[in-house]
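This report refers to the structure that appears directly beneath it.
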Number of protein chains: 2
Amino acid sequence: MALDVQTLSPSAVEGIFVALGDSTRRSIFFSLMEREQSIKELAAPLGITLTGLGQHIRVLEAAQLVSSRKVGRERRCAIDPAGLERLEAFAQLQRSLWRSRFDALRRIVEAP
Amino acid sequence: MALDVQTLSPSAVEGIFVALGDSTRRSIFFSLMEREQSIKELAAPLGITLTGLGQHIRVLEAAQLVSSRKVGRERRCAIDPAGLERLEAFAQLQRSLWRSRFDALRRIVEAP
DNA sequence: GGGTTAGTGAAGCACAAACTTCACTAACCC
DNA sequence: GGGTTAGTGAAGTTTGTGCTTCACTAACCC
């Protein structure tokens, strides 16, 4: 997991939050966590058109949560670990940043 | 960081993604990472009304990303670490789940 | 070739949600 | 008390975006 400063900047996770902020895209994501699937396979249980699903995949790909490749006339979609790695690193960093600031503040307030 | 199964279920992080899926709420969140602030202080740089900002705070509070309390006539808003903890645990779990499934799949494909 | 199936691009619709205004409460200050 | 300031609730407006339809391409199959 190679993560530089750029990878951890707020703007780097924007796309992830936008992507998973939608319930349909969350469903697609969790469905792909089970197994790789085509656009058609993903669309069926959600009751939406292939076009609509294709649009969601593009958003998920932009966030690096999903990757896809054409195999024949099908598009095979799968989880891209990059997004999850970035999300985890982001949460970790923010939490530790908050913690250190909170501890510093506490030290001032509770000065002897 | 106490995290049970409930805390890690997809539905537990829905609110977090919905909350941070909006750019204004991301701004509020990062602004609060710097320091505790009132509704007025948060609204000023964003150029939105106090009413509008109050609505965003409610969404962030529902996701446990922000906590607030009334101090006099002001509402002091601050980061709630619970949301970040949950987000980190979620990303960690999903990534490890994906990794184990991916490794299992690879073992089948690359069978000797 | 002809028919079917999977997916894509452009363009439009429709609803959810971000934001506002207005009216009000309550805390602060003189 | 009277004036100002911070925030809140209800109700309306407007904009973004999720989704569709339609037309098309390309792969598969006979």
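To find a chain, count down the sequence lines: A is the first, B the second, and so on, and within it residues start at 1.
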Please state how far atom CD1 in B:I48 lies from atom C1' in C:dA18, giving the value in whole angstrom units. 9 Å

Just checking, is any N or O donor in the side chain of A:E61 or A:S67 under 3.5 Å from an acceptor N or O on the other one? no

Looking only at heavy atoms, the pair that brings A:I39 and A:C77 closest together is CD1-SG, 4.1 Å

Tell me whether the OP1 or OP2 atom of C:dT20 has a side-chain N or O from B:T49 closer than 4.0 Å. yes

Could you check whether A:G47 gets within reach of a base, just the sugar-phosphate, or nothing at all, counting any heavy atom under 4.0 Å? sugar-phosphate

Does a nitrogen or oxygen in the side chain of A:H56 sit under 4.0 Å from OP1 or OP2 of D:dT17? no

Please determine if a side-chain N or O atom of B:S38 lies less than 4.0 Å away from the OP1 or OP2 oxygen of D:dA6. no

A:I39 CD1 - D:dT20 P separation (whole Å): 14 Å

Residue pair B:L50 / B:A43: nearest heavy atoms and the distance that separates them: CD2-CB, 3.9 Å

Can you tell me the distance, in whole Å, between the NZ atom of A:K70 and the P atom of C:dA6? 11 Å

Given that B:V18 and B:T51 both sit by DNA chain C, which one's nearest nucleotide is further toward the 5' end? B:V18

Indicate yes or no: at least one non-hydrogen side-chain atom of B:E88 is less than 4.5 angstrom from one of B:Q92. yes

Is the B:F17 to A:F29 ring centre distance short of 6.0 Å? no

In whole angstrom, give the distance that lies between atom CG of A:L42 and atom P of C:dA6. 13 Å

Just how far, in rounded Å, is P of D:dT5 from NZ of B:K40? 8 Å

Using a 4.0 Å heavy-atom cut-off across all strands, classify A:L50 as base, sugar-phosphate, or nothing. base

In whole angstroms, how far is the C1' atom of D:dC19 from the CG atom of A:L46? 12 Å

Is a donor from one side chain sitting under 3.5 angstrom from an acceptor on the other, for A:Q37 and A:S31? yes

Check this for me: does any side-chain nitrogen of one of A:E41 and A:R35 sit under 4.0 Å from a carboxylate oxygen of the other? no

Using the closest heavy atom to pick a nucleotide of DNA chain D for each, name whichever of A:R25 or B:E74 lands nearer the 5' end. B:E74

Could you tell me whether the side chain of A:Q55 has a donor or acceptor atom within less than 3.5 Å of a complementary atom in the base of D:dT20? yes

A:R99, CZ atom: more than 12 neighbouring heavy atoms under 6.0 Å: no

Any base atoms under 4.0 Å from A:G72, or only sugar-phosphate, or nothing? Heavy atoms, all strands. sugar-phosphate

Would you sketch DNA chain D in dot-bracket for me? Only Watson-Crick or G-U wobble pairs with both distances under 3.5 Å count, crossing pairs as [ ], other-strand pairs as |, the rest as dots. ||||||||||||||||||||||||||||||

Contact class for A:R58 vs. all strands (heavy atom < 4.0 Å): base, sugar-phosphate, or nothing? sugar-phosphate

Could you state the atom-to-atom distance from CD1 of B:I57 to P of C:dC19 in whole Å? 13 Å

A:R75 CZ to C:dT5 P, in whole Å, measures 21 Å

